[in-house]
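Everything below concerns the one structure shown next.
Computed from heavy atoms alone, side chains included, the values below leave out hydrogens, waters and symmetry copies. Residue numbers start from 1 in every chain, and the chains themselves are labelled A, B, ... in the order their sequence lines are given, proteins ahead of strands.
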There are 2 protein chains.
Amino acid sequence: MTMRVVFCDPSCEPEPWLEALRRHLPQARVEAWADGVEPADYGVAWAPPQAFIDQQPRLKALFNVGAGVDKLMRLRLSGHVPVVRLDDAGMAAQMAEYVCHAVIRHYREFAAYEAQAAQGAWVRRPARPRAQFPVGVLGLGVLGSRVAQALRQFDFPVRGWSRSARSLEGVQCFAGDAQMGDFLAHSRVLVCLLPLTDDTRDLLGRERLLQLPQGACLINVARGEHVVDDDLLALLDDGHLSGATLDVFRTEPLPPEHVFWRHPKISVTPHVSAQTLREESIAQIAGKILAFERGEPVAGMVDLQRGY
Amino acid sequence: MTMRVVFCDPSCEPEPWLEALRRHLPQARVEAWADGVEPADYGVAWAPPQAFIDQQPRLKALFNVGAGVDKLMRLRLSGHVPVVRLDDAGMAAQMAEYVCHAVIRHYREFAAYEAQAAQGAWVRRPARPRAQFPVGVLGLGVLGSRVAQALRQFDFPVRGWSRSARSLEGVQCFAGDAQMGDFLAHSRVLVCLLPLTDDTRDLLGRERLLQLPQGACLINVARGEHVVDDDLLALLDDGHLSGATLDVFRTEPLPPEHVFWRHPKISVTPHVSAQTLREESIAQIAGKILAFERGEPVAGMVDLQRGY
């Protein structure tokens, strides 16, 4: 019997995705999801509607076209269908790039140099001791670990926090709620790379942000819901925080009139820190579908209880 | 007999340097150079006048407080006094930072995102295939090698050129004049980290820059004299080059009215890509003085014939 694969991403034109799936799985019948499409063996989806889940009762696995599965977790899922997320697919290198660019920009004060250049002003700013610029990575999954390793290249002291204890070469690791305060207290730059779950929603509010040292910067490349926007703004305005680089927001697209866009201490990018690369993603998903068919284990299985 | 060390840097306040030298070499007599100061055993200098050389005939070694020795090479030096340059002293990490920030900025189009943010415009730019963004590092000394290794972290194809053949893990290496054309032809970003010598002065003029692929960017962190300014401007204006990040200039400080400051395709910084860090530099020089005293070999000896 022919294997059936159904694709659903209401935010994009499906044709290039279907074409890529067909090329990688020539033996399968690949269709775009629409009301009434026949139940398939495998689902490939990004932020699908509840109706997609309800009308696909026969899935052997559901693949999330992204690293964060929070949008899927808001739906009523069937508990016995494995959910699988992308585990890299070209995203880790992009994330390392984005974060290193932002950290170096804060550390080396390149925004200030650009303002000076606009005035034709040749003024050297004193080099700051690297030891006084520890970078803390919140979340040490596939992306967080890669980011931590990339930061080490530049000799920054790198600290990491994860829910359960991890060990990474050259990274001072902290784990669990009990060590969160110690972790924050010496992170001159905080990089948020957490999954979004009920435990992490609104985590970076006034209380946690105040635990960062005076003059700290925040880089959020996870989800907008991790940060309490008004608390962030208040701490930037009173000088406790010196800057924020934000790629993710509670409302996306960020509305044109939002205060974040033109705030002098905030850099905004439109959720591009790690874009899903179609070819790499589909190649990875196709490989995992074939592994499922052969009964082999696959990486990136989501723990539905834990939420990531 | 007490060892004498003389310090000379007409561009800076000598006191903190003398203090650091005295701390690291308590057995030595350390003085700032001035007309008539007694001949010393070791000289520590940055861009000294000819009179300094002429009045210090007894030096066992002359230490250059920087990586590039081109300013010393313009003086009449005594051929039998070893000249020693700084071989890292915290500069390699700074250089890797500066160059990675600039490369990522070009590749990920962060300047364009900042312009969009000023308009409140949420527009994603398509991710560009990394394979089409090879970075070429011109000069594979201590700094160039470190820069090449740092770029590899982000999965850029990295190419390197050096005068004599080198081999670096993960870097496609080219050597000598014969391979310069091949090296340039596929370097989407060109990073200049060459020493300044008679062979490399004006190297990056129209002919060489035209060998770069259409849309290439130039990052110059070596010396201003490597680049022919008018040729660079012409190629930026006609679109053959898409951008330039310049930290070094023929005249420093770059005059306030210079066209580079506000050119839309040029980023200017005031020669800060790798600042000499006093503590690290003096610690390194003091270590080498002690090695000289013990008759041991030291790293960073300059070949006066070759000029670096």
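A:A150 and B:Q153 make their closest contact through CA-OE1, 3.5 Å (heavy atoms, listed as atom of the first residue, atom of the second, distance). Across B:R108 and A:A274, no two heavy atoms sit closer than the pair NH2-N, 4.4 Å. Pairing each heavy atom of B:R124 with each of A:E252, the nearest pair is NH2-OE1, 4.3 Å. Among all heavy-atom pairs drawn from A:P270 and B:V123, the shortest one is CG-O, 3.6 Å. Contact detail for A:A117 and B:W261: the closest heavy-atom pair is CA-CE3, 3.5 Å.
With A:R125 contributing its side chain and B:V272 its backbone, the two residues share no donor-acceptor pair below 3.5 Å.
For the options B:R146, B:Q116, B:Q119, heavy-atom pairs under 4.5 Å to chain A are most numerous at B:R146. Ranked by non-hydrogen atom pairs under 4.5 Å with chain B, the options A:Q275, A:Q149, A:R105 are led by A:R105. Ranking A:G90, A:P255, A:A93 against chain B, the residue ahead of the rest is A:A93, based on heavy-atom pairs under 4.5 Å.
For the pair B:C100/A:F154, a side-chain contact is recorded, criterion being any heavy-atom separation below 4.5 Å from C-beta on.
With a threshold of 4.5 angstrom between heavy atoms, B:H258 does not approach chain A through any atom at all. Only the backbone of A:A121 comes within contact range of chain B, judged by heavy atoms closer than 4.5 Å. With a 4.5 Å cut-off on non-hydrogen atoms, A:Q94 touches chain B through its backbone and its side chain both. With a 4.5 angstrom heavy-atom cutoff, B:L277 touches chain A only via side-chain atoms. When heavy atoms are compared at a cutoff of 4.5 Å, B:A118 approaches chain A solely by way of its backbone atoms N, CA, C and O. Heavy atoms closer than 4.5 Å to chain A are found in both the backbone and the side chain of B:T269. The parts of A:E97 that come within reach of chain B are both its backbone and its side chain, each placing non-hydrogen atoms under 4.5 angstrom from that chain.
Annotation for A:E169: atom CD does not count as buried by contact number, only 12 or fewer foreign heavy atoms lying within 6.0 Å. Within a 6.0 Å sphere centred on NE2 of A:H263, other residues, nucleotides and ligands contribute more than 12 heavy atoms. Within 6.0 Å of NE2 on B:H186 lie no more than 12 heavy atoms contributed by other residues, nucleotides or ligands.
Note on ring orientation: taking the six-membered ring where Trp is involved, the planes of B:F110 and A:Y98 are perpendicular (angle over 60°, cut-offs 30° and 60°).
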